[in-house]
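What's counted below: heavy atoms across the whole structure, side chains too, no hydrogens, waters or symmetry copies. In what follows, residues are counted from 1 in the order of the sequence shown. Note that ligands are numbered from 1 as they come in the structure, with each ligand's atoms numbered from 1 the same way. Not measured: the values here are computed from a predicted model.
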Amino acid sequence: MRLIKTTLVALFILVSSAVVAQKDIAIIPKPANIEVKEGVFQFSENTKIIATTATQKEIATALMNKFKAATGWQPEFSNKKPKNNYIEFKIDKNLNREAYQLEVTSKSIVITAKENAGLIYGLETIRQLLPTAIESKNQVSNLNWVIPNVSIKDEPRFQWRGLMLDLSRHFFDKNYVIQTIDRLAMLKMNVLHLHLVDDQGWRIEIKKYPKLTEIGAWRVNQENVIWNARLTVDPNEKGTYGGFLTQEELKEIVKYAATKNIQVIPEIEMPAHVSSAIAAYPELACFNQKIGVPSGGVWPITDIYCAGKENTFEFLEDVIDEVIAIFPSKYIHIGGDEATKTNWETCPHCQKRMQEEGLKNVHELQSYFVKRMEKYINSKGKKVIGWDEILEGGLAPDATVMSWRGTEGGIEASKQGHDVIMTPESHCYFNIYQGPQNEEPLAFGGFIPLTKVYHFDPVVDEMTPEQAKHILGAQANLWAEYIESTQESEYMIFPRLGAMAEVLWSPKAARNWNDFTTRLPSLLARFDYLGINYSKSAYLVSAASKAHLDKKQIKVALKNEFPNADIRYVLDNKNLDNQAIKYTDSITIQGTTILKASLFKEDKPIGKVFTDSIQFHKAVANKLTFKNPYHENYKADGPLGLVNIIRGSKNFHDGQWQAWLVDDMEVVIDLEKNQSIHQVTLGALENQGSGIYFPTEIKAFISTDGKMYKEVGKIIRPFAINSNSELKDFKISFEKTNARFVKVIATNLKKSPKGESSFLFFDEILVD
Ligand code: ACM
Ligand code: ZN
């Protein structure tokens, strides 16, 4: 038995050495230069790692631990270089800081780098050359631990390759932050930006101001209510929901990150997004206003630091002193975004400051604020980063701008000779949907699928070469209003961070979406072993439907992000198997059916199955008369929008919704002749955070002459808190009756519990 097994393994080595080709190498981000050669390097219990310094040993331990878990053995350190079967580190001071060269031969692996950063990346590349099972936490048998002989010369295109985690809107603990650091390193990312301060929670221990975390880190629990519908809290009510990181924990994070070539950038927001600090120390605000830590969305943000009082600056300087003692990073991020400065307009302290400093308006006062803080931070040997609002009223002399409201702020700042980090919300906000909203957990509106991230470029075409030099790189930002668990956080980050990593690391010319999609499955397989709850949204087929009401039909187009996707579909709720129809052109639908579609690979559906239940009914394309007109921003596809067969999605901007603000919806449908009917269905959406509420009452009436109406049913539905975005069909059934006219009245809630005007949203009225 034993003999046979050995022979088989030997045979496998021979075969595998022959078949490894460039196309089988699936490294993300793609290395700048890679040459595949004949043969393989075989890892074994006898493989030695020649590490000469303690740091080199520390760096190599991660890979050794992977071997230990997946194989039961591990390469060992050695000071002496054996004849063959070893990994060697070499230092070449002529290389760039993060560059590395990897020479893999059947005899040895040599990683050459200027310093540890490059060695770390060389090891991460070896990791991705190994079988995906190297990520296994349990022992894997019968696997041949080889990597192809390659010659790689690699270095990043950008020096800033970041991810921002928002720890304020929902708190994430040290363990998750450290896990995230590992995952960043795997993708050769090098910045973790921690958003530690915001209205809904102060997340960093400051010893001189203990109330920041005693009070500011805790909010009244309204997690059952959708973020933007949460009510203002009584400042005297004790907060119980939240948390914070101690200075010790943060130091541990920073120390661990350094072993992965990751700098941790703290963000201490000012002058706005600081309700949590004002809740703890009201004297920091213009009018000493007592507020509670908000449980959810705050807009506009008017409770901000007073820019007139000296004690604001004393406080902030003290805070910065403690922050600097924790974070060795060159940069301190001081926020600066979204300050509504109405209090500054009337505050005597702020007005006095403006007079004394000769400031013309509150924008110049914000600029004064930022410049003063920059001066302090510079005096400590650190540089300042701010969101692009810091351009307003004049940029601080040495500030680096994080451009989030598009790339314009970045273009302007680079024109002024300032460094820029690109984080436009159009491509870099990972809190935004990555798939069709109906299939996704609640997120920010908009659509940033994997392809869109992949096609991002931090350097904008219109920039001069001089401006382009100021683009340090980019980062993905995950705002956490809707991110309540580590699983959700992972879902929004991965695999989009893989696409972002390639944007930031690989040469622009090497970037190729088709090629990326062939390497992605290997990364996802690694994520599976690592237990990362990544999104599979990119594999989902989505549909775009168009109504052709003159012919009483709709056409459904199916699409997917992958090139030459093999999409197949079935109608009438049939099984989606190898009999499914290959999709080539839009599908014409003329009657009620259930459409199912999926991406196929080797004749089998992969990813999630797309299902669309299409219902034809008696009111299709019939004339509607509304008592109150629908809202001008939500017209669906015109007067027949509610009888066009096509249903709306949770994306209320999808062009299928008609809306009424405060008004009730009252409509008469003319079926053109008397018909036997027994049911009226009203399709509605609720998204309380966006001010959209289900009706509180729905009534249906029928008539033969359009004058005398008979009520055939009603639904009473009092307001109820809903923490989700929800689609619902309200059905009113009655005895079969002949009628030509159907009237539906839906009553608007009118005012939300927060006191805001409420919308009704409808996509279809089905008459059967
Ligand atoms: C931001 O998204 N307010 C920076
Ligand atoms: Zn003030």
Side-chain angles (χ1 to χ4, degrees), residues 162-166 168-169 193-200 227-228 265 267-275 277-278 281-289 297-313 315-316 333-357 359 361-362 364-366 368-370 372 385-392 400-410 413 420-432 443-446 448 474-483:
L163 170 72
M164 186 207 76
L165 286 184
D166 169 8
S168 173
R169 272 52 177 275
H193 165 178
L194 294 180
H195 186 73
L196 294 165
V197 173
D198 215 303
D199 295 306
Q200 297 83 2
W227 184 261
N228 283 329
I265 308 291
E267 182 185 352
I268 307 297
E269 275 270 21
M270 59 190 80
H273 283 287
V274 294
S275 301
I278 292 171
Y281 297 99
E283 61 273 22
L284 297 170
C286 287
F287 303 109
N288 301 334
Q289 59 266 36
V298 179
W299 199 260
I301 305 167
T302 53
D303 290 317
I304 67 178
Y305 291 142
C306 178
K309 296 177 185 171
E310 275 305 295
N311 68 325
T312 303
F313 294 96
F315 164 81
L316 285 172
H333 197 310
I334 59 168
D337 58 322
E338 298 181 319
T340 297
K341 305 164 185 89
T342 42
N343 286 349
W344 288 3
E345 305 268 11
T346 54
C347 164
H349 309 283
C350 287
Q351 288 303 311
K352 183 159 172 273
R353 174 83 68 197
M354 284 167 66
Q355 256 177 13
E356 283 171 4
E357 298 291 334
L359 307 171
N361 53 42
V362 288
E364 290 190 5
L365 183 55
Q366 159 135 349
Y368 163 87
F369 197 118
V370 171
R372 182 165 164 177
I385 300 174
W387 300 110
D388 57 51
E389 284 92 335
I390 67 167
L391 279 153
E392 294 161 12
T400 297
V401 171
M402 213 169 243
S403 187
W404 73 276
R405 296 173 300 176
T407 51
E408 291 74 20
V420 170
I421 298 145
M422 285 294 191
T423 64
E425 54 187 342
S426 57
H427 292 76
C428 299
Y429 272 34
F430 283 10
N431 43 301
I432 288 173
F444 274 68
I448 307 185
Q475 70 180 34
N477 291 341
L478 181 62
W479 299 101
E481 285 88 340
Y482 297 127
I483 311 293

Any chance the rings of Phe444 and Tyr482 have centres within less than 6.0 Å?
yes
Less than 4.0 Å between a side-chain N and a carboxylate O, is that true for Glu310 and Lys352?
no
Donor-acceptor pair between Trp344 and Gln366 side chains, under 3.5 angstrom:
no
Compute the angle centred on the Zn ion (ligand 2) spanning SG of Cys306 and SG of Cys286, and express it rounded to 10 degrees.
110°
Starting from atom 3 (N) of ligand 1, find the nearest protein heavy-atom neighbour and note its residue, name and distance.
Asp337 OD2, 2.6 Å
Region of Glu338 engaging ligand 1 - heavy atom pairs below 4.0 Å:
side chain
Donor-acceptor contact present, side-chain Ser275 to main-chain Asp199, <3.5 Å
no
Is it the case that ligand 1 has an N or O less than 3.5 angstrom from some N or O of Trp387?
no
Check ion pair Glu345-Lys341 (N to O, under 4.0 angstrom)
no
List every atom of ligand 1 that sits less than 4.0 Å from any heavy atom of Trp479, numbering the atoms from 1 in the order shown and giving each element.
1 (C), 2 (O), 4 (C)
In the protein, which heavy atom is nearest to atom 2 (O) of ligand 1, and how far is it?
Tyr429 OH, 2.6 Å
Between Cys350 atom SG and Cys347 atom SG, the angle centred on the Zn ion (ligand 2) rounds (to 10°) to 110°
Is the backbone of Cys428 close enough, under 3.5 Å, to the side chain of Asn477 for a donor and an acceptor to pair up by distance?
no
Any N/O/S of His349 under 2.8 Å from the Zn ion (ligand 2)?
no
